[in-house]
Protein chains: 2
Amino acid sequence: MYKMKNNYGERIAKAQKVMEREGYSCLILGPSANMYYFTGLKTTPDERLQLVVIPAAGEPAAILPEMYQSKAAEQIAGSFPLLAWADQQDPVDLVKEAVPRKAEGPVAVDDTLWASHLLQIMPVFPEAIFRPASRVVDSLRMFKDEEEIALMARAHAAADRVLERVRQEIRPGMEERELAFFIETAYREEGCDDISFKPIVASGPNSASPHHQTGNRKFQAGDMVVVDCGGLFQGYCSDVTRTFCLGDGDAEIKAVYQAVKEANEAAFQRIGEGYAGEKAGCSGEEADRAAREAITRAGYGPYFIHRTGHGIGLDVHEAPYLVEGNGEKLLPGMVFSIEPGIYLPGRFGVRIEDIVAVTSQGPVRLNRYSRDFLEIQ
Amino acid sequence: MYKMKNNYGERIAKAQKVMEREGYSCLILGPSANMYYFTGLKTTPDERLQLVVIPAAGEPAAILPEMYQSKAAEQIAGSFPLLAWADQQDPVDLVKEAVPRKAEGPVAVDDTLWASHLLQIMPVFPEAIFRPASRVVDSLRMFKDEEEIALMARAHAAADRVLERVRQEIRPGMEERELAFFIETAYREEGCDDISFKPIVASGPNSASPHHQTGNRKFQAGDMVVVDCGGLFQGYCSDVTRTFCLGDGDAEIKAVYQAVKEANEAAFQRIGEGYAGEKAGCSGEEADRAAREAITRAGYGPYFIHRTGHGIGLDVHEAPYLVEGNGEKLLPGMVFSIEPGIYLPGRFGVRIEDIVAVTSQGPVRLNRYSRDFLEIQ
């Protein structure tokens, strides 16, 4: 039987229990946070097939290009077999070797596996139904252990320091992408291994677009500037948003800001209220409604055009989601964003995003940067 | 009928011709270089479904999250319909609206579309066979027009300048990831919008791993350091590799370096020889063999453990591939890497990578940095 470093073996055993219970024949992972979570293998997706096959019972196996073999062998340290293929070979033959002989039941495939790779391996399972791996792994990955939460707290302490540096750096005349690159550098300087996603810097009318692509617009006096960014600390992501006002905000800007701030607080409070020791907290949709109601009360309901939050961990976006339709409870161990926003098309937008961990004492914010109105003079 | 900005309409018409000829019912693109190539839409993949559906005949349609709508509408400027879905809706209903009524024949899906999204839309096409979109689009994207090659030349001029800055910066005591971050910054300073992939900085024994993950090893005197990096210029990638020797290289280091340099030149020459005006050049596998023969002649055949090259354009890796088994000719308009390497496990490695465009006058290198032995004293 395989022996794993750290708690990988335990995690695999837990996934196998889920697979057995739900009738899955195997779990097929691509280069992803899932692969890292279950094996410690860290690799970048590309056109070469890279898989880890975890059967419902028995030993996993990796299928990797020969050129990645030496590094991967170090990472998994002989815990399970590694089948390497050369550029002139067809790796599908190795997949056939790696899958359980009498595989019955659905196959769970990694959500982010490339379609070309899924289509490549489908003929190995001519009868199988395929389902996204999230149905097997979310129930594990959603619950962070103490070490994971400690790493995320470190990642968010760095995010707090970066936001303070942004506050000191931001000024009219600066370009969006100039600030974005300042942020990328600052995360490294603050001890992160990398950024967790490309910083979103959305200024003036661009701030009304929630996922604006940072461009070369220059900040002007009077702009609202949404800064949404995060770093990676030992594989774990941070993700925070603050909105800065360059100069004095007028009454409407302040009213919108206040509504977003109250919505953020309303969702946080709702989670705390619903929470009672080991008993279930409030659901994802209840938290979403609490934020939405606050914004609707302020008269901006139609301008809050996205869900209230998403889980976060090894991926920036993962389960659970704070969205209408998610009746699942937010339980201890879960870590997610609360990020209401108001977006007035062609004018400006405001978003305030915190990351919250549910603990046995209730919800706590992992980042601590001020949510007060941030006027830059 | 739809009108497209720039040459998007023309590109779609060409893809539709291929689809009609090969019997495809439609082409489904995710957030990818393909989406950008055909529509100008630039967006990042995430858990929210984002698609462009191009039927074999008729008008395309985009299906995007509501929060991406305003930006996307700007990018496509009304050329075709944009169906937006809110976070609490099921986007699959919109996919049903967007696909041709009587779709027959295989569906081509974007190679990099997430498996979870492919599984999500498969029920819309209960009878269909799915194939990777590369079978439709490679025949277009492989052939770069003059403007594309000009952009790639700009991207590679920046890469040359970055390599020169690396030569000036690199020294014993520096960490791999410190140099990697220097490179990231340098690409921006040299006019690129971003890096095209995370720089590979592999020092000492790490250089024997072709896709080493840049870490915190400190360079030591006597190290070989493989630096593989590239920038993005208006969407187009550069990708170059040089291997630096910190100090005097011994006879074996120099012999290995010389063999790799000759292999690089042998492949380039082979492409030039096979080339005669409008007539076909040499094939991908012939170019690969030329490089491999040079390394085998020097006695290092078993240590050249990857293909000789890959196409490059909007993606860092795309068709055509210089690999055994690819009998397709390398024709004018194609742009690809020549990157032979020798990797001595536990000791050191050398790789020299250039990007070559085939023109009507034969092959030309887009980067010009010296391929001579690079000793850093």
Side-chain angles (χ1 to χ4, degrees), chain A residues 30 42-48 65-71 74 86-88 109-120 122 130-134 177 181 184-185 188 193-194 197-198 206 208-213 285 288 305-307 310 315-318 321 323-325 343 345-346, chain B residues 30 42-48 65-71 74 86-88 109-120 122 130-134 177 181 184-185 188 193-194 197-198 206 208-213 285 288 305-307 310 315-318 321 323-325 343 345-346:
Chain A
K42 209 163 195 172
T43 162
T44 310
D46 62 23
E47 70 285 1
R48 292 177 171 104
E66 192 178 18
M67 61 185 293
Y68 304 166
Q69 190 175 12
S70 64
K71 190 74 200 170
E74 262 175 53
D87 275 348
Q88 63 279 11
V109 290
D110 217 335
D111 293 54
T112 61
L113 186 72
W114 287 9
S116 57
H117 293 144
L118 174 55
L119 295 173
Q120 199 177 358
M122 275 182 157
F130 288 82
R131 299 217 173 109
S134 45
R177 61 180 177 189
F181 191 61
E184 291 197 31
T185 309
R188 262 90 158 198
D193 306 311
D194 202 345
F197 60 95
K198 285 267 156 212
N206 293 341
S209 182
H211 267 203
H212 172 64
Q213 285 155 22
E285 65 185 3
D288 179 74
I305 55 169
H306 55 70
R307 65 192 175 206
H310 56 81
D315 282 313
V316 192
H317 291 183
E318 56 181 55
Y321 293 97
V323 65
E324 190 61 39
Y343 309 93
Chain B
K42 207 162 196 173
T43 163
T44 310
D46 61 24
E47 70 284 0
R48 292 177 172 104
E66 192 179 16
M67 61 186 289
Y68 303 168
Q69 189 176 11
S70 63
K71 191 74 200 170
E74 260 176 52
D87 275 348
Q88 64 277 12
V109 290
D110 215 336
D111 292 55
T112 62
L113 186 72
W114 286 9
S116 56
H117 292 145
L118 175 56
L119 295 173
Q120 198 177 359
M122 275 182 155
F130 288 82
R131 299 218 174 107
S134 46
R177 60 180 177 188
F181 191 61
E184 291 197 30
T185 309
R188 261 91 159 200
D193 306 310
D194 203 344
F197 61 95
K198 286 265 154 210
N206 293 341
S209 182
H211 267 202
H212 172 64
Q213 286 155 20
E285 65 184 4
D288 179 73
I305 56 169
H306 55 70
R307 66 192 174 205
H310 56 80
D315 282 313
V316 191
H317 291 183
E318 56 179 57
Y321 293 96
V323 65
E324 190 62 38
Y343 309 93

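Model, not experiment: these values are computed from the prediction. In what follows, chains are A, B, ... by sequence order, proteins preceding strands, each numbered from 1.
In this structure, the portion of A/H212 lying under 4.5 Å from any heavy atom of chain B is its side chain and not its backbone. Contact of B/L119 with chain A is made through the side chain alone, with heavy-atom distances under 4.5 Å. Using a 4.5 Å cut-off between heavy atoms, A/T112 contacts chain B through both its backbone and its side chain. Using a 4.5 Å cut-off between heavy atoms, B/Y343 does not touch chain A at all. Looking at B/L118, only its side chain comes within 4.5 Å of chain A, counting heavy atoms on both sides. The contact between B/F130 and chain A is made by backbone and side chain atoms together, counting heavy-atom distances below 4.5 Å. With a 4.5 Å cut-off on non-hydrogen atoms, A/R177 touches chain B through its side chain but not through its backbone. Interface remark: A/E47 contributes side-chain atoms only to the contact with chain B (heavy atom separation under 4.5 Å). If you measure heavy-atom distances from B/T185 to chain A, the contacts under 4.5 Å come from both the backbone and the side chain. Of the atoms belonging to A/R188, it is side-chain heavy atoms, and not backbone ones, that fall under 4.5 Å from chain B.
Looking at heavy atoms from C-beta onward, A/Y321 lies out of side-chain contact with A/D288 at the 4.5 angstrom threshold.
Across A/Q88, A/H211, A/K71, the residue that shares the most heavy-atom pairs under 4.5 angstrom with chain B is A/H211. In terms of heavy-atom pairs under 4.5 Å with chain A, the best-connected choice from B/S134, B/P65, B/S209 is B/S209. Considering only heavy-atom pairs separated by less than 4.5 Å from chain B, the leading option among A/E318, A/H317, A/E324, A/E66 is A/H317. Contact tally against chain B (heavy-atom pairs below 4.5 Å) for A/D194, A/D315, A/T44, A/D46: the top residue is A/D194.
Closest approach of B/L113 and B/G30 over heavy atoms only: CD1-CA, 3.7 Å. Across every non-hydrogen atom of B/D111 and B/A133, the tightest pair is OD1-N, 3.3 Å.
Using a cut-off of 4.0 Å between Lys/Arg side-chain N and Asp/Glu carboxylate O, B/K198 and B/E184 are scored as salt-bridged.
By the salt bridge (Lys or Arg N to Asp or Glu O under 4.0 Å) test, A/K42 pairs with no residue at all, sequence neighbours left out. Qualifying salt bridge (Lys or Arg N to Asp or Glu O under 4.0 Å) partners for B/R48, counting only residues two or more places apart in sequence or in other chains: B/D87.
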